[in-house]
Amino acid sequence: MSTRGSTAGAPGRIESRGRIESPVQIDSIAVLGYEACSEQDTITPLEIFKGTAMVTSGQIAPWQREAADRELDVRLVALEPGVIKMQMGTNVVADAVLGDDDLYDILYIPGGVGSGALLTDDRVHKLIRRHHEAGRIIAANCSGVGVVARSGIVNDETLTCVAAVARGLREDGFNVPVARRMWIGDTASRLWTFTGSYGVNGGAVAMVAHYFGREVGTIVSMMFDTIGGIGDVIFEETGPEFYQHPELEESFQDFFQPMLYPPRDDAAQA
């Protein structure tokens, strides 16, 4: 059912001179679901991307967009068939099981308490490398950033992540500034990283605005109330700076790092 609206007097309509243009056309997005992935880290970007698909196809249209309607394939994907039990006990079934040759334009790796196990899962590392080598875009949030970092595709790019794994990534030589950002898009390296659950909404919408243009980004940001919360920064490749709480961060790192991002030697023996 279409929710297309009238173009007359459309509030907040974005004129063409204000649109962001990306040289990359995105036709498909995959969000990886896995055992003990975070509900919020996984479902929030999935819903935002599926909402984007409804905008690009014309199902949601508060005004007549300038661009022609087109389909966007957005899926929750899994490494194997069956139910995915998420970290808080929610059970979901993926839209698709990944084949050895499947490629999506954006591959998104969410965080969750199960991310530590992914550090030893070569299927995930091969999946990430296959997409990156094929010129596709890799995105990750929270502790999923550690999975991407350990896959071997990260060099000196600036990353962001949840505070609980930031110290471990720094110890491994990855570039995670102490003043973390809500998201960082390194478009040259085709790599986007987000902080924990608080940054997932803003980061996903910023990706949408970058790759689908300012007009789509504006509609999606209104759908999910993102622009009302953080404003026009959603049209930038780097998100707002987070507050620093050194003592609290250290306590959480001591508790969560062994679970979410164990040292390489421990991961190799797991």
Side-chain angles (χ1 to χ4, degrees), residues 22-34 37-38 41-42 45 49 75 77-79 98-112 114-162 164-177 180-196 199-200 203-204 206-207 210-211 237-239 257 260-268 270:
S22 170
V24 179
Q25 176 161 313
I26 305 299
D27 294 316
S28 60
I29 304 176
V31 177
L32 179 67
Y34 57 89
C37 61
S38 162
D41 287 3
T42 307
F49 297 145
R75 302 185 185 190
V77 301
L79 296 170
L98 286 162
D100 291 340
D101 299 320
D102 288 344
L103 287 170
Y104 292 84
D105 294 325
I106 296 176
L107 175 65
Y108 191 106
I109 312 295
S115 63
L118 291 193
L119 295 178
T120 63
D121 194 331
D122 196 47
R123 296 174 301 171
V124 178
H125 295 158
K126 287 180 179 178
L127 172 69
I128 294 168
R129 289 195 295 266
R130 182 171 80 239
H131 276 77
H132 191 257
E133 289 166 2
R136 308 306 167 93
I137 297 153
I138 306 296
N141 66 48
C142 193
S143 56
V145 176
V147 178
V148 171
R150 289 270 181 93
S151 74
I153 70 166
V154 178
N155 295 305
D156 59 355
E157 294 88 353
T158 303
L159 307 176
T160 191
C161 61
V162 70
V165 301
R167 182 180 65 190
L169 282 162
R170 294 176 190 127
E171 290 171 348
D172 274 355
F174 296 107
N175 182 13
V176 181
R180 293 176 299 122
R181 296 286 184 158
M182 185 178 289
W183 69 83
I184 297 175
D186 190 318
T187 55
S189 298
R190 307 180 309 282
L191 179 63
W192 288 72
T193 55
F194 314 151
T195 53
V200 172
M207 278 191 71
H210 180 82
Y211 290 110
E237 294 173 11
T238 300
Q257 185 174 314
L260 302 175
Y261 191 73
R264 289 181 185 272
D265 289 345
D266 290 352

Requested in this report: Evaluate the side-chain contact (heavy atoms from CB on, under 4.5 Å) criterion for residues V148 and T193: first the C-alpha distance (whole Å), next the side-chain angles of each, then the deciding distance (0.1 Å), finally the verdict.
Outcome: CA-CA 9 Å; V148 171; T193 55; 5.9 Å; no

Are the side chain of [X] and the backbone of [Y] linked by a donor-acceptor contact shorter than 3.5 Å?
X	Y	answer
R181	T238	no
N141	D41	yes
R180	T160	no
R190	I106	no

Restricting to non-hydrogen atoms, name the atom on [X] and the atom on [Y] that form the minimum distance, rounded to 0.1 Å.
X	Y	value
T42	C37	OG1-SG, 3.5 Å
P262	G116	CD-CA, 4.2 Å
D102	R130	O-NH2, 2.9 Å
Y108	V200	OH-CG1, 3.9 Å
V145	L169	CG1-CD1, 4.2 Å
G111	C142	CA-CB, 4.0 Å

Under the rule for side chain to side chain donor-acceptor pair (under 3.5 Å), what residues qualify as partners of [X], not counting sequence neighbours?
X	value
Y34	none
R123	E80, D121
E157	S189

Mind checking side chain to side chain contact (heavy atoms under 4.5 Å, CB included) for [X] and listing every partner two or more places apart, or none if nothing turns up?
X	value
A117	none
S143	S115, V165, L260
D172	R150, F174, Y261, R264
T158	N175, P177, I184

Report task. Would you please test C161 and T195 for side-chain contact (heavy atoms from CB on, under 4.5 Å) and show each step? Result -> CA-CA 4 Å; C161 61; T195 53; over 6 Å; no

Contact check, side chains of [X] and [Y], non-hydrogen atoms, under 4.5 Å:
X	Y	result
I138	L107	yes
L79	V124	yes
W192	H210	yes

Query - V31/V77 under side-chain contact (heavy atoms from CB on, under 4.5 Å): CA gap, chis, key distance, verdict - result: CA-CA 6 Å; V31 177; V77 301; over 6 Å; no

Query - Contacts of type salt bridge (Lys or Arg N to Asp or Glu O under 4.0 Å), residue D122, not counting sequence neighbours - result: K126, R129

Query - Test salt bridge (Lys or Arg N to Asp or Glu O under 4.0 Å) applied to R75 - qualifying residues, sequence neighbours left out - result: D73

Query - Geometric class of the H131/Y104 ring pair [parallel <30°, tilted 30-60°, perpendicular >60°] - result: parallel

Query - From D186 atom CG to L159 atom CG, the distance as rounded to the nearest 0.5 Å - result: 8.5 Å

Report summary line: d(T187 OG1, I137 CD1) to nearest 0.5 Å is 9.5 Å

Query raised in the report: Which pairs, with at least one residue in residues 134-144 and sequence neighbours excluded, count as a salt bridge (Lys or Arg N to Asp or Glu O under 4.0 Å)?
Result: D105-R136

Report summary line: The ring-ring contact (aromatic ring centres under 6.0 Å, His included) partners of W183 (sequence neighbours excluded) come to none

